[in-house]
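This report refers to the structure that appears directly beneath it.
Both ligands and their constituent atoms are indexed starting at 1 by order of listing.
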Amino acid sequence: MDSERLFARYRELQRYVEWTEEDVQAIHAIRPLIEASFPELVEDFYEEIQRHPDALKVITGGQEQIERLKGTLVNWLKELFSGQYDEDYVVRRWQIGYRHVQIGLDQVYTNAALSRLRRGLMRALEQNWPATLQELLDARRTLNTLLDLDLALIEDAYQSEHMFRQQATERLALIGQVAGGIAHELRNPLNVIKTSVFYLLNARNPSPDKTAKHLERIEKQVGTADEVIVALTNFAKMALPVPAPFDVETHLKKVADEAELPESIQVTYDCPAGLPPALADASQIDIVLGNLIRNAREAMPHGGTLRLAAEPDDPFLQITVADTGNGIATEALPRIMEPFYSTKARGIGLGLAMAKAIIDKNDGRLSVESEPGRGTTFTIQLRSAVGEP
Ligand code: HEM
């Protein structure tokens with residue numbers, strides 16, 4: 001947690017709810033009227049918790065812990081009315097939410113408990129109010145706002161911790177997928193090697209021809225395993241981009257030429273005259289275009305049209321690689337850029353993951369749309385070099 005950021009956020013929320021120095025003064029005035037009811041409110045708070053097993057289960061230290069917690073809650077109330085809403089205050093209040101997340105307290109109980117506390121505070125205020133009804137309404141409004149600001153801090157803590165845990169879970173799932181992918185890709189060649197080695201070790205009087213055939217198989221499979229490792233190493237060692245302006249149309253044509261597409265695939269180019277240069281690492285973008293064009297070729301085994309286009313989309317430049325091929329199944333679409341997620345019979349499923357990683361590193365965006373049976377369109381957004389220093 002970044003305390004400066006948190007405090008800035010709190011200040012922003014204060015402005016949002018129009019919290020002013022007058023509210024601070026009002027809180028000062030309220031405090032002596034309701035301070036005497038703090039112990040009673042705290043007793044009620046913990047009595048109610050005991051009636052809710054899901055809330056109660058986070059209290060693991062029995063009565064002793066409850067007694068200690070009563071003390072911390074009284075202090076919490078005193079601080080609430082202290083009028084000192086500085087950075088330390090905000091951090092301490094945020095940490096309460098964080099502590100609740102750590103002990104596994106469901107956020108709804110914090111909300112319900114605060115709501116009950118709020119009712120108790122309002123009741124105490126009404127019972128002891130010495131002035132007019134209008135002034136009571138003003139005081140209630142101020143107190144409600146202060147409690148809402150505190151609740152916002154607790155919720156912020158819940159949210160950041162929740163997001164952190166979700167990201168960690170997603171990372172773990174991805175590691176599992178990558179590990180599974182590597183295992184899958186290496187198992188095949190290793191199995192073939194194992195069978196050939198078994199033959200070479202155990203065959204009685206193998207013919208020179210057979211021996212040579214098995215040795216060749218072993219060599220080929222070692223090559224396949226090596227390709228997997230090279231692809232992985234390239235993925236892991238991807239260099240930092242060196243951005244410079246480059247002409248998109250020239251690169252689209254160059255990469256399409258290098259792909260040596262069959263004649264059954266018709267390539268069309270659609271780049272308006274005066275298209276501004278893109279700002280990215282051209283050699284890395286070539287890898288992406290190469291991967292996308294290869295994918296398009298594989299999606300059109302019986303031919304079709306490959307449309308390569310670019311257009312300005314201020315302040316970006318949009319490149320489109322569209323085919324009229326098989327398309328991608330709707331359920332597969334959200335996952336095709338994950339490493340080792342391959343729907344192809346051949347190919348290890350790193351091409352699109354690599355493309356996405358390169359575009360991310362180049363400050364761009366890669367997206368895809370597809371219609372099964374009709375084709376797929378990949379869109380790359382890159383920064384345009386126009387207006388760059
Ligand atoms: C508005 C609602 C609540 C407030 C203002 C509040 C306040 C606090 C405070 C000030 C602490 C001490 C934090 C620290 O050690 O840094 C704490 C911790 C704790 N709270 Fe709450 N609490 C609330 C709701 C609840 C509820 C509904 C439960 C349900 C059982 C609960 C259970 C606990 C527990 C088990 C701890 C950990 C105490 C320890 O470390 O031993 N709290 N809370």
Hey, is Gln95 touching ligand 1 through its side chain, its backbone, both or neither, going by heavy atoms under 4.0 Å?
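Contact part for Gln95 vs ligand 1: neither.
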
Below 4.0 Å, non-hydrogen atoms only: which portion of Ile49 touches ligand 1? Side chain, backbone, both or neither.
side chain

Sub-4.0 Å atoms of ligand 1 with respect to non-hydrogen atoms of [X]:
X	value
Ile103	33 (C), 34 (C), 35 (C), 36 (C)
Ala55	29 (C), 30 (C)
Arg68	39 (C), 41 (O)

Run the salt-bridge test on Arg141 and Asp138 with the 4.0 Å N-O cut-off and return the result as yes or no.
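Salt bridge between Arg141 and Asp138, a charged N being under 4.0 Å from a carboxylate O: yes.
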
Under 4.0 Å between a side-chain nitrogen and a carboxylate oxygen: does that hold for Arg92 and Asp86?
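A salt bridge is absent here (no side-chain N lies under 4.0 Å from a carboxylate O).
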
How about Thr110 and Tyr158: does a side-chain donor come under 3.5 Å of a side-chain acceptor?
yes

Decide yes or no for Ile293 and Leu308: does some side-chain heavy atom of the first lie under 4.5 Å from some side-chain heavy atom of the second?
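They are in side-chain contact.
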
Does any non-hydrogen side-chain atom of Leu292 lie less than 4.5 Å from one of Ile380?
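In contact.
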
Please name all residues satisfying ring pair (Phe, Tyr, Trp, His ring centres under 6.0 Å) with Tyr46, sequence neighbours left out, ordered by chain then number.
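With neighbours one apart ignored, the set is empty.
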
Proximal candidate to atom 1 (C) of ligand 1 [heavy atom criterion; set Leu114, Asn111, Val58]:
Leu114

Using heavy-atom distances only, which candidate in Tyr98, Phe45, Tyr109 approaches atom 24 (C) of ligand 1 most closely?
Phe45

May I have all residue pairs that pass side chain to side chain donor-acceptor pair (under 3.5 Å) and include part of residues 209-221, sequence neighbours excluded?
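Non-adjacent pairs meeting side chain to side chain donor-acceptor pair (under 3.5 Å): Ser196-His214.
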
Pairs under 3.5 angstrom only: tabulate donor-acceptor contacts from the side chains of residues 59-66 to other protein residues two or more places apart or in another chain.
unit_1, atom_1, unit_2, atom_2, d
Gln63, NE2, Glu67, OE2, 3.1
Gln65, OE1, Thr60, N, 3.1
Gln65, OE1, Gly61, N, 2.8

Which protein heavy atom lies closest to atom 5 (C) of ligand 1, and at what distance to 0.1 Å?
Trp76 CE2, 3.3 Å

To which protein heavy atom is atom 39 (C) of ligand 1 closest, and what is the distance rounded to 0.1 Å?
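Ranked first by proximity to atom 39 (C) of ligand 1 is Gln65 NE2, 3.6 Å.
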
Nearest 0.5 angstrom please: Glu371 CD to Leu333 CG, how far?
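If we round to the nearest 0.5 Å, Glu371:CD and Leu333:CG are 11.5 Å apart.
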
OG on Ser37 to CG on Asp44, rounded to 0.5 Å:
11.0 Å

Is any protein N, O or S atom closer than 2.8 Å to atom 21 (Fe) of ligand 1, and if so, which?
His100 NE2

Give a yes or no on whether atom 43 (N) of ligand 1 lies under 4.0 Å from any heavy atom of the protein.
yes

Can you confirm if the aromatic rings of Phe81 and Phe38 lie within a centre distance of less than 6.0 Å?
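Phe38 vs Phe81: aromatic centres under 6.0 Å.
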
